[in-house]
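Data first, discussion second: the structure below is written as structure tokens.
Just so it is clear: chains get the letters A, B, ... in the order the sequence lines come, proteins before strands, and each one is counted from 1.
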Amino acid sequence: MTLQQAQAQIGRYAGRALVGAAGIFAVLWVIALADNAAYKDPKLFLTIGLNAISLAAIYFVVASGFTLIFGLMRIVNMAHGSFFLLGGYFAFHTATSGWGSWGLGILVAALGVAAIGLIQQQVFLRWNQGQDLRQALITIAISIILADQMLAHFGGTTKNLDWPPQLDFRVNFHVFGLIYPFTRIFVILCALAIGTMLFLWLRRTRTGMVIRAGVDDRAMVSALGINIQLVFAMTFMIGSALAAFGGVLGGTLGGLSPGVDNQFLLNSLIVVIIGGMGSLGGAAIGALLYGFVDAFSDIYLPQGYSNYSVLLTFGLLVFVLAVRPFGLFGRAA
Amino acid sequence: MRLRLTPSRIAVGVVLLVAVILCAIGPYIFSDFFVRSILTKTMWLGIAASSLIFLAGFAGMVSLGQAAIYSIAGFVMGNLVAADGGVDTALSPWVGVILGLLASTVIGLVFGAVAARSAGIYFLMITLAFSVLNFYFWGASTDLSGFGGINNIATPGLIGSAGRDPTRLFYVAFIVSILVYLFLRYLIRTPFGITLQGIRDEPTRMRALGYNVPLHRVLAFTIAAFIAGIAGILFIWQNANRIDPNSVNLSATIDVLVVAVVGGLFRVEGAWLGAFVYTVLETYSKNWDLINERFNTVIGAVFLVIVLLSPGGLLGIWDSVRGAARRLGRGAAPATEPGPAGGGGPGAT
Amino acid sequence: MTHPKVRRSRLWLLLAVLVVALAAIAAGCGGDDSAEPAPAEPAPAEPAPAEPAPAEPAPAEPAPAEPAPAEPAPAEPAPAEPAPAESGAASGEPIKLAILSDCEGAFAAFYEWDIGGAQAAFAKYAGGVPKGENPSDGMDGIVLGGRPVEIVGYGCSNDTADKAIEEMRRLVEQLGAQIVIGPLSGDEGIAVANYAKEHPEIVVLNGTSGAQDTTLKVRAPNFFRFNSDGAQWSAGIGDYAYNVLGWRTAAVVGDDYSFPYTTNAGFIAEFCAAGGQISARVWPPLGETDYSSWVSQIPDDVDGVYVGVGGSGTVPFFEAYASLKGDPDPAKITGNLFISDPTFLGAYGKNLIGSVSSGPTAGDANTPEAIEYNKTIDETYPSIAGSGPSVFTYNYYNAAWALTVAMESIGGDVGEGNANLLTALSETVVPGAYGEIKLDENRQAITDNYVVQIVEDSTGDGVPDVKTVRRIPAVDQSFGGTFTPDTPAPDRDNPTCEPRDLPWIGNAEEVDYSSGATDTAATESTG
């Protein structure tokens with residue numbers, strides 16, 4: 001081992017040790033050191049834990065579409081946040097139209113946004129295949145236009161989607177007096193269902209096989225006579241529909257207004273930067289890490305510093321990038 | 001590099017010269033409004049975009065972090081000099097300027113060290129995340145700014161009250177723009193600049209040749225951060241001596257990219273052309289009934305058309321026209337364009 | 001990289017597609033413009049509008065046939081005026097006026113309301129004739145104190161101070177406006193007041209922005225605000241909570257930026273003045289999607305909670321509250337005007353029947369002034385009918401009305417450097433529909449405020465109504481000395497909690513408008 005290699009090794013381990021130490025300190029802080037530490041207030045801890053998981057669930061739903069599209073096509077869809085918001089608006093107008101309902105809203109949102117995603121892919125992106133930065137710029141342009149048009153058509157004020165009454169009740173866990181809204185548990189269930197379905201789709205079906213092969217070697221897949229364009233189109237639609245579905249869940253939980261699109265574009269970016277672009281498992285891990293940091297930093301930072309939770313998110317990002325520049329499960333393009 | 005005087009080079013030179021002369025006598029022939037709201041804004045926005053063009057066109061790093069970087073210079077200066085809001089340290093404005101620039105450069109260095117290890121589309125995403133987190137940071141830090149921002153930031157005597165007389169600020173911005181332009185033109189011709197362009201096109205080969213690729217990237221990002229910092233200082237002075245997080249929200253972040261792409265990502269002077277076009281469109285489209293409230297749709301559409309049709313931006317169109325003219329003149333022999341000006345954009349792999 | 005030649009033919013095809021798409025967009029925009037002003041939703045993040053019930057649902061005239069001009073409205077030729085020699089004011093040269101509002105951003109929906117409010121006042125008191133069915137189509141024939149007025153433009157900001165400054169420059173420096181009515185939101189107001197300070201040659205009448213610093217700290221001599229600020233909008237609630245609801249301790253919650261700081265400061269100042277204590281101040285960051293973590297910072301043993309969480313956050317905040325603390329007890333919840341906002345009431349109001357909130361308008365008022373005012377709005381601009389009780393329409397209306405009164409009193413002679421106009425404006429008293437408005441020495445309105453209560457729906461639309469229960473006369477900006485130019489601006493920790501004498505504690509009038517003749521058709525129908 002040369003000196004340089006040794007230095008590199010030390011550098012790598014030092015980095016990991018630092019990250020590990022920070023992680024352990026954070027856990028210790030939450031469990032024992034903070035004013036409202038977990039052992040003093042277990043109910044709060046459990047509530048925040050569930051908050052974190054349900055937050056992570058929404059992040060995952062949205063980011064899984066983002067990462068799916070990227071994984072196969074190397075397209076970074078900067079309009080993903082716009083698709084999220086658009087899906088939410090579609091569902092809102094369906095649900096409040098008199099004949100619609102929340103469930104129908106999901107359907108309309110998913111189909112409508114999938115169609116828009118398909119148009120975007122076929123008209124603007126398809127013939128720029130392989131030019132990832134140019135495609136990113138195109139989607140940025142589209143997101144500018146979409147944001148402005150949504151403002152024109154749906155207005156600037158907040159829209160609140162209501163949960164269907166069947167879901168809107170609270171669950172008593174009989175553990176430390178924990179009572180938790182079922183709607184948020186429902187969000188977690190949705191994310192689990194979507195994660196499982198995506199996993200089965202990618203692992204157990206022929207299309208999934210083609211997609212996985214396409215991720216590794218597009219040219220080879222085409223050469224085998226498989227219509228990869230069809231697979232591309234389908235993947236783009238599903239990815240867009242996932243953004244829309246996330247928009248319905250997120251819009252019901254937190255309201256829809258201009259700006260939310262940017263927020264969820266950012267959320268998706270953070271999740272996939274942490275987890276690694278193109279990896280479904282990475283998106284799940286990234287969403288969980290981000291969700292936990294986000295929810296816990298609001299409440300466990302010392303009084304007066306709670307507003308700096310955004311710095312912790314940023315710290316998480318920097319830590320991950322310092323150790324793995326392409327994310328936890330990512331690989332170089 | 002040997003300079004040959006071809007007709008097209010002469011034409012470019014003449015156009016540049018006319019633009020510079022027009023700017024130089026601007027305050028005497030244009031209204032105060034035009035000087036303040038169009039020309040001065042063109043200058044700082046152009047400087048910000050030139051830092052992106054330097055990164056994107058010559059180092060292959062398309063950054064969405066330039067607005068965040070310039071806001072850091074602005075916020076640091078705002079906090080250090082006398083102002084309403086922020087910590088109001090009341091140092092001399094020049095000290096504020098220097099420390100602001102220093103802060104943006106240092107943050108550029110540190111953030112660059114993290115981000116520049118990735119490349120291409122990852123770099124774009126990481127810088128975007130950085131920008132948006134930067135926005136939330138200043139909003140959340142009510143001691144340093146908060147969403148209300150910092151008002152009435154003290155200016156050096158040299159600038160005076162730009163609100164009453166825009167001339168001095170304009171000339172400062174104009175001269176700084178020329179210096180930045182000359183500096184970047186010089187820089188891309190130095191061995192460092194040539195190496196960067198090598199890294200842009202063939203990072204693997206450059207690494208194999210023994211160049212320290214990450215170090216060059218980090219240095220490029222740091223230099224760009226310094227230039228963006230200059231834009232941030234001028235921005236505050238032009239923006240009625242104030243800044244708040246919304247000055248650098250996502251749309252402002254993307255505006256810098258739009259300006260650079262519209263002007264042309266492969267030529268430094270494109271920055272100011274793009275800035276001028278953007279500012280004029282933004283200001284005067286309001287008076288045009290059809291657009292009025294839907295200005296952003298128009299900007300998005302212009303951006304889209306340019307990205308789709310001319311990766312070199314408006315200057316790229318000029319290049320294509322010139323290329324076509326040359327082909328017509330010489331018959332066949334389509335000379336390959338020097339540099340990356342033709343074709344597929346920085347991301348073409 | 002695709003080969004250029006292969007691409008070229010596709011490019012033309014694409015260009016054609018784009019042109020078509022652009023045309024479609026443009027057409028879409030054109031269509032929107034006419035559709036937009038139908039005031040889809042009241043209720044944004046900031047000054048929530050529209051308590052219910054404009055006095056009348058505007059039946060009557062099918063078209064604004066008669067704008068009932070006070071004067072015969074000379075179209076253009078200057079009416080010969082007895083010109084005071086030295087200023088040359090009444091030369092007949094038109095005064096250039098502009099109206100600054102938001103057409104992008106969170107408050108874009110109120111663009112027409114703002115312009116409509118101001119122009120309805122001109123139609124009623126200055127002979128203005130609308131050019132079209134939408135307020136932003138323009139207005140002709142305005143004459144103020146014998147001088148013709150030309151509206152040179154409408155400012156289109158986006159809720160950010162930067163944009164407001166850009167628009168001010170365009171209106172003043174490019175289009176030559178001498179008088180500006182606007183802007184809309186708090187941070188814009190501070191920036192515009194600073195701009196006015198630097199440009200003494202113009203006169204600015206605030207639109208509906210409510211940041212306290214605008215008049216308390218900036219104090220531009222040519223910036224006039226005929227509406228109350230965010231803290232004044234909270235007047236009456238602290239007294240009510242202490243003396244009627246019997247609270248002794250309270251927690252305040254609000255988004256972490258200046259507007260909630262200011263409204264919550266009004267509550268804190270008054271509640272503490274009455275003798276109450278503030279146990280906790282909780283400030284979730286703006287744009288938070290998950291409030292449960294913040295709700296858990298509210299102590300369990302407080303007597304009540306004052307909620308200043310607005311915009312997209314109000315409903316999620318209460319849902320998080322319910323999930324952690326159980327369904328809210330209306331007697332233990334009050335809030336700023338966000339919680340009497342129709343959008344919020346529709347989504348969550350049924351859980352808060354009996355809670356009180358406050359604001360500068362009383363939508364259900366059946367006083368002759370209120371009825372006449374709402375009729376003016378509805379008849380001048382049927383396209384924004386019903387928006388009268390909204391603070392957007394009401395405040396812009398009063399600004400224009402004040403300008404009219406002042407210009408009449410000086411006969412259109414604004415004087416050297418506007419000296420006459422500035423003096424006249426600072427002495428102007430506007431008999432506003434919801435209470436008389438006069439200015440203090442900082443050119444800030446002293447006017448009435450109202451405590452309103454959420455009540456069961458009586459209109460059949462399923463959305464709870466709002467009923468005005470108290471009028472707090474002549475609320476001023478200082479809250480008995482709590483807020484002065486030298487005290488820290490409201491923030492996370494200010495104002496501190498101190499007992500004081502507030503002039504209006506104990507002077508609030510109980511009011512009940514429901515007994516009157518008017519039909520309380522709620523504005524929810526517009527939302």
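Taking 4.5 Å as the limit, some side-chain heavy atom of B/Leu133 sits within range of a side-chain heavy atom of A/Leu317. Side-chain contact between B/Val132 and A/Asn262 is absent, with no heavy-atom pair separated by less than 4.5 Å. Side-chain contact between B/Val298 and A/Asp148 is absent, with no heavy atoms from C-beta onward closer than 4.5 Å. Here the side chains of A/Leu265 and B/Leu128 are in contact, with some heavy-atom distance below 4.5 Å. Using a 4.5 Å heavy-atom threshold, the side chains of A/Leu321 and B/Arg117 count as separate. B/Phe130 is not listed as a side-chain neighbour of A/Val318, based on a closest heavy-atom distance of 4.5 Å or more. Taking 4.5 Å as the limit, some side-chain heavy atom of B/Ile121 sits within range of a side-chain heavy atom of A/Phe70. A/Val76 places none of its side-chain heavy atoms less than 4.5 Å from the side chain of B/Tyr122.
Note that the CG atom of B/Asn296 and the CD1 atom of A/Ile145 stand 10.0 Å from one another [nearest 0.5 Å].
For B/Ile126, the parts sitting under 4.5 Å from any heavy atom of chain A are the backbone and the side chain alike. Proximity to chain A is limited to the side chain of B/Leu257, based on heavy atoms less than 4.5 angstrom apart.
Within residues 136-144 of chain B, the residues that have a heavy atom under 4.5 Å from a heavy atom of chain A are B/Tyr136, B/Phe137, B/Ala140, B/Ser141, B/Asp143, listed by number. Inspection of non-hydrogen atoms places A/Val272, A/Ile273, A/Met277 of residues 271-289 of chain A under 4.5 Å from chain B.
Scanning all heavy atoms of the two residues, the minimum distance from A/Ile144 to B/Gly300 falls at CG2-CA, 3.9 Å.
Comparing A/Ala147, A/Ser143, A/Ala141 by how many heavy-atom pairs each has under 4.5 Å with chain B, the most go to A/Ala141. Highest contact tally toward chain B, considering only A/Leu269, A/Thr313, A/Leu146, is held by A/Leu269 [criterion: heavy-atom pairs under 4.5 Å].
Ring pair B/Phe111/A/Phe314 is parallel by interplanar angle, where below 30° counts as parallel and above 60° as perpendicular.
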